[in-house]
Amino acid sequence: MKVSFSAILASFTSALAGVPVTLKIVAVSFLVAFVLGFLMAVVNKNRVPVLSQISKVFISFMRGTPIIVQIFLIYNSLPSLLNAVFVTFGVPIDIFDVDPIFYAIAVFALSETAILAEIFRAALNGVDNGQLEAAECVGLTIPQGYLHIILPQALASAVPVLGNAVTDLIKTTSLAFSMSILDVTGIAKIQGAASLDYIDAYLAVALIYLILVLIFENAFKLLERRLNAHTQPLNAPAR
Amino acid sequence: MLQITDIHKRFGANEVLKGIDITVDKGDVVVILGPSGSGKTTLLRCINFLEHADRGRIRLGDIDLDFKAATKRQIYAMRRHTAFIFQNYNLFKNKDALHNVTEGLVTGRKVDKKEALERAKRALDDVGLSEKYDSYSTQLSGGEQQRVGIARAMALNPDVILFDEPTSALDPELVGEVLAVMKKLAQEGTTMVVVTHEMRFARDVATKVIFMEDGRIVEEGPPEKIFTCPDEERTKQFLRRIIGDPEPEYFI
């Protein structure tokens, strides 16, 4: 086994081609999870009948099972199941033609939804009830109150945790290779197999993820500082 | 102008309001007194549908609602005529003073943004906060926060402002500035319903004082009467405890 700098660099450059794929999976699944997770948190907080029970079962399932098992379930079992359904009902969709990236996004979005739902639940609980009451009293409807008053406050307090969730998600998407997706990890695996220089390829991959995570971490730190600017006044001490 | 009839409210086994009737005329300053647990705050919150009363009617202007049967739309319509001042201010923490005031105008009442800003500035100037337009609640003292709360209410041009113990959470030296603003409002003819423990305010500013205990109205009347020769023994006892005996018990 030998580690050569030039080989790492070569792997690094070719694995970089997978960065857009990785970021695409991260971005789309995070956005989907953001919306679903928030709705789920609102449903749970207000104990909406039926929906809140469903979301509780969903959350405990997603949190209680390893993501690789979820991948197996969705990527390997769902298509056969759907295919059987489609064939029976004559739906003209060839399920095996679907780009695997859709499955990847589905898996990561769903598992991220469970995580974000819990984060938002805590954040919503952290906003004082009086804020919504005050919003109602100045003539806002409850949805308007959520949108203009509750959501911004909950988000501001959730930003640090959301940052962690995003960096976790970036790393978790590396499992997309098991759905034969050519993301950063997928490319590196193929490269390693071709050249038998697994170590070089994996070091390059580690480096890429490290850089990605650092970028996102700092972006979220900046965001956090901006959002909290008024709660911790820098020059005027709070009275 | 505001009339409440036979309002009832219970929390589980605890009956908090046991049938209360109140009439408030335009320009009235009605002060509600009473020991804690007497239902004063619940009454005020029921008027604005922050709590849902179990029984009773409310009439405000030409709106006439059954507390139990009111729909969301009717409640929103009613709230267009009222404003509420909270004990703990409840300023929107994600907005500065100016936007605390404009929020209800712009989002709730669809007032043009420019006009809303002007009205908000005028309201903040009126409560003496012309220097604090862009301060967030964390940068304001309790008294300043409550004055923003009052400006937020005034800017809505409500028919009646409901005050829920507006000075109870304040440091003693900040109570004065808030009471002064309220007094000014009263002199301008604003209709107010005030739950408070500030006896001097009640005596000097109120047009009517209501003494409540245990979910019922014990006695009501003009302040001169309630504070000097109340009919009910309970009112006497309560006032004696709060204000103290006219004859001091101790000499120093």
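Convention: sequence-line order gives letters A, B, ...; per-chain numbering from 1. Values in this document were obtained by computation on a predicted structure and should not be read as measured data.
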Report which part of B:L162 has an atom under 4.5 Å of a heavy atom belonging to chain A: side chain, backbone, both, or neither.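 The answer is neither part of B:L162.
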Which region of B:N88, side chain (C-beta onward) or backbone (N, CA, C, O), has a non-hydrogen atom less than 4.5 Å from a non-hydrogen atom of chain A, or is it both or neither?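 The side chain, not the backbone.
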How would you list, in number order, the residues of residues 69-85 of chain B that have a heavy atom less than 4.5 Å from chain A?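 Hits under 4.5 Å: B:Y76, B:R79, B:T82, B:F84.
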Using a 6.0 Å cut-off, check whether atom [atom1] of [X] has over 12 heavy atoms from anything other than its own residue.
X	atom1	value
B:K114	NZ	no
B:E131	CD	no
B:K184	NZ	yes
B:K183	NZ	no
A:F89	CZ	no

Residues in [range] that sit under 4.5 Å from chain B, counting heavy atoms only:
range	result
residues 107-138 of chain A	A:D128, A:G130, A:Q131, A:E133, A:A134, A:A135, A:E136, A:C137, A:V138
residues 151-173 of chain A	A:P152, A:Q153
residues 48-73 of chain A	none

Atom OG1 of B:T107 and atom NE2 of A:H148: how far apart are they, to the nearest 0.5 Å?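 One finds 4.0 Å between OG1 of B:T107 and NE2 of A:H148.
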For A:I142, is it the side chain, the backbone, both, or neither that has a heavy atom closer than 4.5 Å to a heavy atom of chain B?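 The answer is both parts of A:I142.
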